[in-house]
Amino acid sequence: MSSNAGVANINGGVMKENNLRLILETVRSRQRVSRKELAALTGLTAATVTNLVKKLLRDGFLLEGERGESRSGPRPIFLELNAGWGYVVGVELTATDIICVLTDFRAQVLHRLDVPFDMEAGREAVLDLLVATVVEAIAGSGVERERIRGIGIVSAGPFSRARGEMIAPPNFPGWRRTPIKRIVEERVGIPVWFDKETQAAAFGEYWFGEAAGSRVLFACNVFRVGIGGGILVDGKAYRGHRENAGNIGHTKIALDGELCTCGEIGCLETVGDGRAAVRAVRARFAERPDEFEGVSDPGEIDFGFVVRGAESGHPACREAVGDCAQYVGMVLANVIRTVAPDTVVLCGEFPDDCEYFVKQCIRSASARFDLAQEDVRIYHSTLGPQIAALGGVAIVLDNLGPSSEDS
Ligand SMILES: [Zn+2]
């Protein structure tokens with residue numbers, strides 16, 4: 001065989017694989033679809049669709065369901081995903097919780113666990129707990145372990161996706177260069193994919209939330225500690241040079257300002273995350289303790305206190321949360337101008353726990369960018385704390401697509 005023919009074969013294989021994925025994704029988004037509709041939706045010829053569907057049925061990805069209506073000729077058979085083709089576990093490891101979900105191939109959640117822990121227990125103890133949580137989720141779901149196709153673990157950066165390694169996350173003291181993928185794979189015996197939690201949140205919203213079909217999605221994660229972003233273009237991650245895209249927490253919003261954990265000055269994180277809100281309210285308490293009935297010590301003012309205060313109208317809490325939201329909204333307006341997403345989703349503890357933050361953040365972005373005029377949707381995700389764990393599931397499902405080879 002000449003080398004040219006080899007290249008042609010490889011390209012043919014890649015094209016077939018892309019088309020198989022396209023069909024699978026179309027069935028996933030439509031839930032039930034006929035071959036004729038598939039041809040119209042994908043732009044593939046009827047003959048190609050018939051061939052590819054035959055392979056997907058043979059490999060167990062698809063099932064033939066009930067028949068639809070037809071005015072003339074045979075009634076079309078609807079195709080759907082085979083929920084039992086395989087099962088997936090998604091895990092988010094935060095600095096305080098292990099959030100674990102188990103889903104079928106249709107991405108229906110069958111089991112979920114949220115296990116809080118104390119980081120001071122140390123890395124080995126937390127890794128033991130993570131492995132035990134995955135094992136417990138599988139046992140609790142009733143799915144045989146052999147039928148779990150993969151585990152998607154997501155956590156804080158910096159990280160190496162290629163090596164499946166946590167590099168040195170600031171809130172994980174003692175976790176420097178932790179090969180989390182290898183550790184969990186060895187101990188659970190199931191393939192693991194590892195990714196960043198803020199990127200996973202974008203996947204979670206796209207696959208499980210309300211962003212399906214969005215062309216360019218920006219997920220804005222605002223946490224108690226830290227701020228980050230994730231970008232999807234046509235459902236695929238846009239990661240940028242060194243996978244650093246979307247890192248809005250360290251965009252600069254002031255020439256001078258507070259020192260950030262990253263070592264620089266004037267980062268969004270220093271004025272926009274939960275810590276910033278708590279700092280501001282504590283500073284106000286130091287000046288005007290009379291505004292804080294029943295509080296005798298600044299230590300009593302934590303994130304929960306501040307968001308509850310903002311919700312119930314406490315002036316100092318409203319002001320602090322409003323300021324954080326102003327800054328985040330301002331950066332979002334800049335993101336909208338530079339990245340041009342059609343959809344921006346707010347997620348993370350700050351928006352999840354504080355509706356006032358969400359409102360003020362959207363108001364701040366709208367004041368700087370005409371969202372309606374430009375047809376940009378910005379909203380708060382309803383997926384709550386599971387969003388990144390669901391993203392872990394999506395990452396596995398995205399990697400488990402069909403191959404062009406015959407099986
Ligand atoms: Zn920074």
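Atoms within each ligand, like the ligands themselves, are counted from 1 in listed order.
Salt bridge Glu349/Arg224: present, at least one basic N to carboxylate O contact under 4.0 Å. Of the charged side-chain nitrogens involved, at least one lies within less than 4.0 Å of a carboxylate oxygen, so that Arg177 and Glu165 count as a salt-bridged pair.
For the pair Arg32 and Phe78, the cation-pi test (distance below 6.0 Å, angle within 45°) is passed. A cation-pi contact links Arg28 to Phe105, judged by a cut-off of 6.0 Å to the six-membered ring centre and 45° from its axis. Cation-pi geometry between Arg106 and Trp85 is not met at under 6.0 angstrom from the ring centre and within 45 degrees of the axis. Cation-pi geometry between Arg161 and Phe159 is not satisfied (NZ or CZ under 6.0 Å from the ring centre, within 45° of the ring normal).
Shown are the protein N/O/S atoms under 2.8 Å from the Zn ion (ligand 1), given by residue and atom: His250 ND1, Cys260 SG, Cys262 SG, Cys267 SG.
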